[in-house]
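Structure first, then comments.
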Amino acid sequence: MTGLRVLAVDDLAPALDELCRMLREAPEVGEVVGASDALKALKLLQADHYHAVFLDISMPGLDGLELASLLAKLSEPPVIVFVTAHDGHAVTAYGIGAVDYLLKPVRTERLSAALAKVTRLAPSVRRQPSPDAMAALPVDSGGRTRYVRRDDVLFAEANGDYVRLHTRTAVHPVRMPISRLEEYWEGTGFTRVHRGFLLSVRAVLELRSDTTGGLLAHTEAGDVPVSRRHARDLRDRLLEAAQRGQLGGPR
């Protein structure tokens, strides 16, 4: 199976919907199922296998800590991540065996870090999809979803919890940290050239100097700053690409 199978548990519908949405947008997650209370979650876990449970603590009846204690006794327990608005249960949560403790509202970076821990502890999961699995990214806007092909992206720019994918004709925001995008697009012609920029090597038309002597990679979508620590690596990559006839922008 490709990707994590995750069960999300929260008795508050808006919180559960938001958590499920964030999990579904994570590249390492293959399937997400939601449960509105601990008993429903327990029935789902008895009927099927999940790699991880993202679990609220304060719920009526059986609370999250009690459910996690039951799950820890299973022969093959899922990885537990608590998601809660209260920071006072962290010691108990880690004592039960949780791998992470996320505070609401959940930030994308913290969710990504938790999923990385889950993936390391779930050996049956493919840890990184093949390049083709990330050859296009969904972009939601105005109630519509469109798909941006990796081959059409000239560079990606960090913007808080999002990256902005720059193509020849538009800019598309995607909710994902740039470090996560770099991880999945590594080896597909993209390279980090700056703390806030991921660049398609074959999109570079030329290198330029700015007014302060800094280096810029010129593309059809604009100039991308190149930090000193990445300059030599980029020059080497450009030379190799030029020798192979692979410069000149996306196909």
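Heavy-atom basis, side chains included; hydrogens, waters and symmetry copies ignored.
- The hydrophobic clustering, which links ILVMFWY residues whose side-chain heavy atoms are closer than 4.5 Å, places V29 and Y162 apart.
- The same ILVMFWY cluster, assembled from side-chain heavy atoms under 4.5 Å apart, contains both L115 and V32.
- With hydrophobic clusters built from ILVMFWY side chains whose heavy atoms lie under 4.5 angstrom apart, V193 does not share a cluster with L216.
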Please list every donor-acceptor pair under 3.5 Å in which a side-chain atom of residues 236-245 meets a protein atom from a residue at least two apart or in another chain.
residue: R237; atom: NE; partner: T191; partner atom: OG1; Å: 3.4
residue: R237; atom: NE; partner: D233; partner atom: OD2; Å: 2.9
residue: R244; atom: NE; partner: Q246; partner atom: OE1; Å: 3.1
residue: R244; atom: NH2; partner: Q246; partner atom: OE1; Å: 3.3

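- For the atom pair CD (E157) and CZ (R164), the distance works out to 5.0 Å, reported to the nearest 0.5 Å.
- Counting all heavy atoms, side chain and backbone alike, A8 lies closest to C20 at CB-SG, 3.9 Å.
- Across every non-hydrogen atom of A231 and L215, the tightest pair is CB-CD2, 3.9 Å.
- D100 and A113 make their closest contact through OD2-C, 4.4 Å (heavy atoms, listed as atom of the first residue, atom of the second, distance).
- The side-chain heavy atoms of T108 and M176, taken from C-beta on, include no pair separated by under 4.5 Å.
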Next on the checklist: Using the rule given for side chain to side chain contact (heavy atoms under 4.5 Å, CB included), can you reason through I178 versus R192, listing the C-alpha separation, both sets of side-chain angles and the distance that settles it, and then say yes or no?
Outcome noted: CA-CA 9 Å; I178 196 168; R192 192 74 167 265; 3.3 Å; yes
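- To the nearest 0.5 Å, atoms CG (L65) and CD1 (I57) are separated by 4.5 Å.
- More than 12 heavy-atom neighbours from other residues, nucleotides or ligands sit within 6.0 angstrom of CZ on R21.
- By the 6.0 Å contact criterion, CZ on R195 is open, its count of non-hydrogen atoms from other residues, nucleotides or ligands being 12 or less.
- Here NE2 of H89 is found 5.0 Å from OG of S58. Values are rounded to the nearest 0.5 Å.
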Checklist entry - Yes or no on side chain to side chain contact (heavy atoms under 4.5 Å, CB included) for Y50 and L44, after CA distance, side-chain angles and deciding distance? => result CA-CA 9 Å; Y50 293 87; L44 287 167; 4.2 Å; yes
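- Follow the hydrophobic side-chain contacts under 4.5 Å out from Y94 and you reach L71 in the same cluster.
- The shortest non-hydrogen separation linking A15 to D10 is CB-OD2, 3.6 Å.
- The residues D37 and K43 are annotated as not salt-bridged, no charged nitrogen and carboxylate oxygen being separated by less than 4.0 angstrom.
- In this structure, CG on D210 lies 3.5 Å from OG1 on T212, to the nearest 0.5 angstrom.
- With a 4.5 Å cut-off on side-chain heavy atoms, R146 and H172 count as touching.
- At a threshold of 4.5 Å between non-hydrogen side-chain atoms, the residues L67 and L39 do not count as touching.
- Proximity of V79 to V53: side-chain heavy atoms (C-beta onward) are nowhere separated by under 4.5 Å.
- F155 pairs with exactly one of H166, H218, H194 by the ring-ring contact (aromatic ring centres under 6.0 Å, His included) rule, that one being H166.
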Checklist entry - How far apart are the C-alpha atoms of V9 and D56, what are their side-chain angles, what is the distance that settles it, and do they pass the side chain to side chain contact (heavy atoms under 4.5 Å, CB included) test? => result CA-CA 6 Å; V9 189; D56 187 24; 5.9 Å; no
Item to check | Verdict with reasoning, D87 to K104, per salt bridge (Lys or Arg N to Asp or Glu O under 4.0 Å) | outcome: CA-CA 10 Å; D87 60 4; K104 299 177 182 177; over 6 Å; no
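- D11 and K40 are not joined by a salt bridge, as no carboxylate oxygen comes within less than 4.0 angstrom of a charged side-chain nitrogen.
- Rounded to the nearest 0.5 Å, atoms CZ (R5) and CD (E31) are 4.0 Å apart.
- Annotation for L7 and A35: closest pair CD1-CB, 4.2 Å, computed over non-hydrogen atoms.
- The shortest non-hydrogen separation linking A217 to L199 is CB-CD2, 3.8 Å.
- The side chain to side chain contact (heavy atoms under 4.5 Å, CB included) test applied to F190 returns R150, V153, W185, T188, L198, S200, not counting sequence neighbours.
- When side chains are defined from C-beta on, R208 counts as touching D223, because their heavy atoms get closer than 4.5 Å.
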Checklist entry - Should L154 and R168 be marked as a side chain to side chain contact (heavy atoms under 4.5 Å, CB included) after you check the CA-CA gap, both sets of side-chain angles, and the distance that decides it? => result CA-CA 7 Å; L154 280 66; R168 283 191 179 99; 4.2 Å; yes
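- By the rule that hydrophobic residues join a cluster once side-chain heavy atoms approach within less than 4.5 Å of another member, L4 and L102 end up as members of one cluster.
- For A68, the side chain to side chain contact (heavy atoms under 4.5 Å, CB included) partners two or more places apart in sequence, or in a different chain, are L55, I80, F82, I96.
- Taking the side chain as every heavy atom from C-beta outward, V139 and Y147 never approach each other to under 4.5 Å.
- Between atom CG of residue L137 and atom CZ of residue R175 there is a gap of 15.0 Å, rounded to the nearest 0.5 Å.
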